[in-house]
Every structure is written in C-alpha cells, then in structure tokens.
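These notes are about the structure you will find just below.
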2 protein chains.
Amino acid sequence: MSELEIFKALSNQTRLQILYWLKEPDKHFPPQEHSFTEVGICVGQIQQKCGLTQSTVSEYLALLLRAGLLQATRMGQWTYYKRNEEAFEALGHFVQSTL
Amino acid sequence: MSELEIFKALSNQTRLQILYWLKEPDKHFPPQEHSFTEVGICVGQIQQKCGLTQSTVSEYLALLLRAGLLQATRMGQWTYYKRNEEAFEALGHFVQSTL
DNA sequence: AATATATATCGGTTTTTCCCGATATACCAA
DNA sequence: TTGGTATATCGGGAAAAACCGATATATATT
C-alpha cells in the first residue's frame with residue numbers, strides 16, 4: 001500500500017484512537033478468551049469504545065487493514081484485529097529517511 | 001501542531017511531491033540568487049512544477065506551514081519555503097515510538 | 001503616484017470523506 | 001432448518017477537502 005494511502009488512513013481522530021488502544025490492548029479492553037497479542041481485539045469491543053456505529057467501525061478497520069497498518073484474523077463469527085507493528089516501523093523509517 | 005493535522009497535510013499527492021522536491025532543491029529547481037538551504041524555494045517555482053494554479057499552491061504551502069512541516073521566509077515580494085527537517089525527524093520518532 | 005510582479009485570501013463548484021441506517025453475509029446453536 | 005449473533009457491504013446525506021478564478025495585499029520600480 002502506498003504511503004499516501006497510509007497517511008489518509010491516519011487522517012482521522014477515531015482511527016488514530018483505535019491504533020492507540022490496540023497498542024496496549026490489555027490496558028484498554030476487558031479480558032477475553034484469546035490472546036491479545038496473538039489475535040487482537042474483535043470489532044464489537046472496538047466499536048463500543050468508539051461510540052460510532054458498527055458499520056462505521058467495520059469500515060475504519062477495513063481501511064486500516066488495506067493500508068497495511070492492521071492484521072485481521074477470523075475466528076468463528078468474530079474478526080480480531082491487531083496492529084501490524086512492522087508497518088509502523090517501516091513508516092517511521094520512511095518518514096525519517098525518505099519523506 | 002497535532003499529529004492529526006500533520007497526517008492530513010500529508011494526505012495529498014501534490015503536497016507529498018512538493019516535500020520531495022524541497023528535500024533536494026538543487027536537483028529540482030533552477031539556480032537562484034539566494035541559498036536553497038537558507039531560504040528555500042519561492043512559491044512561483046513550486047507552482048510551475050506542480051501544474052496547479054497559484055492560489056492552490058499557495059494554500060498548500062500555507063497548510064504545510066501550519067502543520068509545521070515547512071518554514072517560510074519573506075524576502076521582498078517573494079516568500080521562500082523550505083522543509084523543517086526537525087519536524088520530519090520528530091514525526092518519524094513519533095511514528096516509531098508513540099503511534 | 002502609477003504600474004508591475006509575487007503571494008495571499010475569498011467565493012464557489014466538484015470530489016472525497018465521514019458517518020449513518022438498512023441489508024447482506026458468515027458462522028454458530030438448537 | 002430456523003433463529004441468533006458478529007461482521008461486512010451498500011446507498012445516501014452532511015461535512016470537509018480539492019481545486020479553480022477573481023480579487024486583495026505587499027513589495028518593488030519608475
């Protein structure tokens with residue numbers, strides 16, 4: 001995904017907030033069956049904290065996924081999202097050396 | 001300026017292009033009276049390379065300035081813009097460690 | 001003062017983004 | 001199969017961004 005698309009994905013307060021929450025899931029979300037670091041957080045949990053509708057949050061997560069900033073894992077009827085830390089490192093490096 | 005405003009400023013292909021040109025002014029702009037690294041490039045030169053209108057380019061530069069990514073120097077009837085490299089370093093660090 | 005040039009700002013149209021409700025799809029359980 | 005829950009997708013209204021042309025402002029020159 002292009003840097004332009006990444007910056008667009010980051011140009012929204014709610015999406016930045018989601019990324020912040022997902023940085024330390026155990027601090028921001030209640031305990032769950034599956035490991036935070038392995039699968040991430042399901043859409044419903046994120047939606048509750050956002051206060052936006054389910055459809056909007058689902059779209060935001062899909063957008064962050066397309067930008068490469070998140071990874072998704074489908075487990076049963078839930079989709080778990082977690083950060084793709086490699087993408088953040090790569091982006092930081094890009095900003096420092098290329099942008 | 002907030003990171004959100006910075007990411008918004010970076011969410012445009014033309015503005016990214018301008019930042020790229022300003023990274024190595026001597027490679028992308030004709031010689032000029034004043035030192036590239038000291039004052040930067042004037043609006044007209046940037047506008048010519050963009051192909052957009054003067055008003056649009058002026059607004060883009062003002063936007064990048066407000067975001068803290070550029071610095072401006074008024075000299076006579078010209079305004080010279082150059083990159084604020086500290087802002088890029090700070091942003092890269094932010095992406096790596098905080099975002 | 002009058003003119004010319006460079007840049008900034010203003011008003012408006014088109015495009016994109018934001019965010020919603022409704023609906024579709026996927027999966028699970030009875 | 002039927003019904004229930006989780007997520008994704010679709011269609012659309014409202015807000016913001018992307019540009020533009022016209023005009024205002026600032027500076028320099030004559």
Side-chain angles (χ1 to χ4, degrees), chain A residues 1-19 21-22 25 29-30 32-34 39-67 69-82, chain B residues 1-19 21-22 25 29-30 32-34 39-67 69-82:
Chain A
M1 181 55 62
S2 72
E3 280 78 22
L4 177 59
E5 292 308 310
I6 292 176
F7 289 133
K8 283 183 180 177
L10 296 173
S11 296
N12 176 278
Q13 188 63 65
T14 301
R15 290 194 294 267
L16 289 180
Q17 184 75 68
I18 291 171
L19 293 174
W21 288 329
L22 291 180
F29 298 98
Q32 65 181 22
E33 184 180 353
H34 304 289
V39 296
I41 307 290
C42 70
V43 181
Q45 292 292 327
I46 298 169
Q47 188 232 323
Q48 280 189 308
K49 284 189 79 80
C50 284
L52 299 177
T53 63
Q54 184 273 324
S55 61
T56 297
V57 174
S58 179
E59 279 178 15
Y60 280 5
L61 292 170
L63 195 158
L64 290 166
L65 180 68
R66 283 197 301 276
L69 297 170
L70 293 185
Q71 291 174 293
T73 308
R74 182 86 188 196
M75 295 189 71
Q77 40 191 339
W78 291 273
T79 305
Y80 292 89
Y81 285 91
K82 67 173 179 179
Chain B
M1 182 56 59
S2 71
E3 280 78 20
L4 177 59
E5 292 309 310
I6 292 177
F7 289 134
K8 283 183 181 177
L10 296 174
S11 295
N12 177 279
Q13 188 62 65
T14 301
R15 290 195 295 267
L16 289 180
Q17 184 75 68
I18 291 171
L19 294 173
W21 288 330
L22 291 181
F29 298 97
Q32 64 181 23
E33 185 180 354
H34 304 290
V39 297
I41 307 290
C42 71
V43 180
Q45 291 293 324
I46 298 168
Q47 189 232 323
Q48 281 190 309
K49 283 190 79 80
C50 286
L52 299 177
T53 62
Q54 185 271 325
S55 62
T56 297
V57 174
S58 178
E59 280 176 14
Y60 281 5
L61 293 171
L63 195 158
L64 290 166
L65 181 67
R66 283 196 302 277
L69 297 170
L70 293 185
Q71 291 174 293
T73 308
R74 181 87 188 197
M75 294 189 71
Q77 39 190 342
W78 292 274
T79 306
Y80 293 89
Y81 286 90
K82 68 173 178 179

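The model shown is predicted, which means the values in this text are computed figures rather than measured ones. Below, chain A is the first sequence line, B the second, and so on; all start at residue 1.
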Query raised in the report: Any side-chain heavy-atom pair from B/Leu4 and A/Leu10 closer than 4.5 angstrom?
Result: no
Report task. Identify whether any heavy atom of A/Thr79 sits under 4.0 Å from a base atom; if not, whether one sits that close to sugar-phosphate; answer base, sugar-phosphate or nothing. Result -> sugar-phosphate
Report task. Using heavy atoms and a sub-4.0 Å distance, could you list which residues of residues 43-52 of chain A are near DNA chain D? By number, please. Result -> A/Val43, A/Gly44
Query raised in the report: Within the distance-only criterion (no hydrogens, no angle test), does the side chain of B/Thr79 pair as donor or acceptor with the backbone N or O of B/Arg74 below 3.5 angstrom?
Result: no
Query - Closest contact, heavy atoms only, B/Ala72 versus B/Tyr81 - result: CB-CE2, 3.7 Å
Requested in this report: Please step through side-chain contact (heavy atoms from CB on, under 4.5 Å) for the pair A/His34 and A/Met75, ending with a clear verdict.
Outcome: CA-CA 10 Å; A/His34 304 289; A/Met75 295 189 71; 3.2 Å; yes
Requested in this report: Would you classify B/Tyr80 as touching base, sugar-phosphate or nothing, given that sugar-phosphate means primed atoms plus P, OP1 and OP2, and contacts are heavy atoms under 4.0 Å?
Outcome: nothing
Query raised in the report: Are B/Phe29 and B/Leu22 close enough that some pair of their side-chain heavy atoms sits under 4.5 Å apart?
Result: yes
Requested in this report: Walking along DNA chain D from 5' to 3', note the first and the last nucleotide with an atom under 4.0 Å from a heavy atom of chain B, and give both.
Outcome: D/dA17 to D/dA28
Report task. May I ask you to evaluate whether A/Thr53 reaches the phosphate of C/dC19, defined as a side-chain N or O under 4.0 Å from OP1 or OP2? Result -> no
Query raised in the report: Taking side chain as C-beta onward, heavy atoms only, is A/Val43 less than 4.5 Å from A/Trp78?
Result: no
Report task. Of all the heavy-atom pairs spanning B/Leu69 and B/Ala9, show the shortest one and how long it is. Result -> CD1-CB, 4.3 Å
Query raised in the report: To the nearest 0.5 Å, what is the distance between CH2 (A/Trp21) and CD (A/Gln45)?
Result: 11.5 Å
Query raised in the report: Quick one: which of B/Val57, B/Leu64, B/Leu61 gives a side-chain contact (heavy atoms from CB on, under 4.5 Å) with B/Arg15?
Result: B/Leu64
Query raised in the report: CD of B/Gln54 versus C1' of C/dA4: gap in Å, rounded?
Result: 15 Å
Requested in this report: To the nearest Å, give me how far apart CG (A/Leu63) and P (C/dC18) are.
Outcome: 7 Å
Report summary line: The reported gap from CG in A/Leu63 to OG1 in A/Thr56 (rounded to nearest 0.5 angstrom) is 12.0 Å
Query raised in the report: Taking atom types as modelled and ignoring hydrogens, do the side chains of B/Ser55 and B/Ser58 form a donor-acceptor contact shorter than 3.5 angstrom?
Result: no
Requested in this report: Determine the contact category for A/Tyr60: base if any of its heavy atoms lies under 4.0 Å from a base atom, sugar-phosphate if only primed atoms, P, OP1 or OP2 are that close, otherwise nothing.
Outcome: sugar-phosphate
Query raised in the report: Looking at five pairs on each end of the helix from C/dA1-D/dT30 to C/dA30-D/dT1, what is the angle between the two axes, given to 10 degrees?
Result: 20°
Query - Given DNA chain D, 5'-ward residue of the pair A/Ser55 and A/Trp78, judged by closest heavy atom - result: A/Trp78
Report task. Assign each of A/Val57 and B/Gln77 to its nearest nucleotide of DNA chain C by heavy atoms, then name whichever residue's nucleotide is nearer the 5' end. Result -> B/Gln77
Report task. Take the protein atom CG of B/Leu70 and the nucleotide atom P of C/dT7, then report the distance between them rounded to whole Å. Result -> 14 Å
Query raised in the report: Rounding to a whole Å, what distance do you find between A/Lys8:NZ and C/dT17:P?
Result: 5 Å
**Report entry** Which residue lies more 5' along DNA chain C, comparing A/Asn12 with A/Gly76 via nearest heavy atoms
**Finding:** A/Asn12
